[in-house]
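The structure appears below as structure tokens.
Starting from 1, each residue takes its place in the sequence as its number.
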Amino acid sequence: MNKPEECRKYPRLRREERVVIRRLEGADDDPAQNVRYCKAVDISPAGLQARAKRELRAGESLELVVNVEGYENSFHLRGETHRCRPANEDGACLPGIEIPDVGNSDFLYWRRIFN
């Protein structure tokens with residue numbers, strides 16, 4: 001059986017960038033519970049994988065603000081959790097987030113940088 005990495009459309013770049021994730025669907029009553037402050041661990045033209053302290057469910061719609069070193073402005077994107085697997089230590093998880101080209105004003109710029 002193929003590993004998920006082998007089925008990817010695009011190669012991943014190992015990058016550690018700041019990401020703020022806001023859950024749009026399935027959000028809790030407490031707004032503070034809907035925001036995750038994370039670090040991206042890898043980035044591709046169509047998504048990213050982050051390291052989060054709390055789990056995100058597969059299929060959740062998200063708003064992302066990604067700060068990329070060397071770029072003045074943040075990227076404001078929408079995405080969907082594709083999967084979320086446990087990290088090996090301290091109860092953290094690794095959500096894989098797909099960033100579709102629909103509804104993302106910063107998508108073309110994002111894709112140009114990471115393609």
Phe75 vs Trp110 aromatic rings, parallel, tilted or perpendicular, using cut-offs 30° and 60°?
perpendicular
Membership question, hydrophobic clusters at under 4.5 Å side-chain separation (ILVMFWY): are Leu48 and Leu108 in the same one?
yes
Would you mind telling me which of Arg51, Arg15, Arg14 makes a salt bridge (Lys or Arg N to Asp or Glu O under 4.0 Å) with Asp42?
Arg14
Taking side chain to side chain contact (heavy atoms under 4.5 Å, CB included) as the criterion, tell me which of Asn73, Val68, Asn67 meets it with Tyr71.
Val68
Measure the shortest side-chain to side-chain distance between Arg83 and Gln49 over non-hydrogen atoms and say whether it is less than 4.5 angstrom.
yes
Following the transitive rule for hydrophobic clusters with a side-chain heavy-atom cut-off under 4.5 Å over Ile, Leu, Val, Met, Phe, Trp and Tyr, establish whether Ile43 and Tyr109 coincide in one cluster.
yes
Closer than 3.5 angstrom, by distance alone: can the side chain of Asp106 be matched with the main-chain N or O of Leu77 as a donor-acceptor pair?
no
Tell me, do Glu63 and Leu24 make a side-chain contact under 4.5 Å, heavy atoms counted?
yes
Under 3.5 Å donor-acceptor, Glu17 side chain and Glu69 backbone:
yes
Just how far is it from atom CZ of Arg23 to atom CD of Glu60, taken to the nearest 0.5 Å?
4.5 Å
Supply the atom-to-atom distance Arg78 CZ to Asp101 CG, rounded to the nearest 0.5 angstrom.
14.5 Å
Does atom CZ of Arg111 have more than 12 heavy-atom neighbours from other groups under 6.0 Å away?
yes
What's the shortest heavy-atom distance between Gly79 and Pro100, and which atoms?
CA-CD, 4.2 Å
Heavy-atom pair of closest approach, residues Phe107 and Pro45
CE1-O, 3.7 Å
Please report the closest heavy-atom contact between Ser74 and Val65, naming both atoms and the distance.
CB-CG1, 3.7 Å
Are Tyr37 and Ile21 connected in the hydrophobic side-chain network, where two residues link if heavy atoms are under 4.5 Å apart?
no
How long is the span from the CD atom in Glu55 to the SG atom in Cys93, to the nearest 0.5 Å?
6.0 Å
NZ/Lys39: more than 12 non-hydrogen atoms of other groups inside 6.0 Å
yes
Atom CD1 of Ile97 and atom OG of Ser44: how far apart are they, to the nearest 0.5 Å?
11.0 Å
Out of curiosity, does Leu62 fall in the hydrophobic cluster containing Val41 (side-chain heavy atoms, cut-off under 4.5 Å, transitive links)?
no
When you group the ILVMFWY residues by side-chain heavy-atom contacts below 4.5 Å and let the links chain together, are Leu56 and Leu94 in the same group?
no
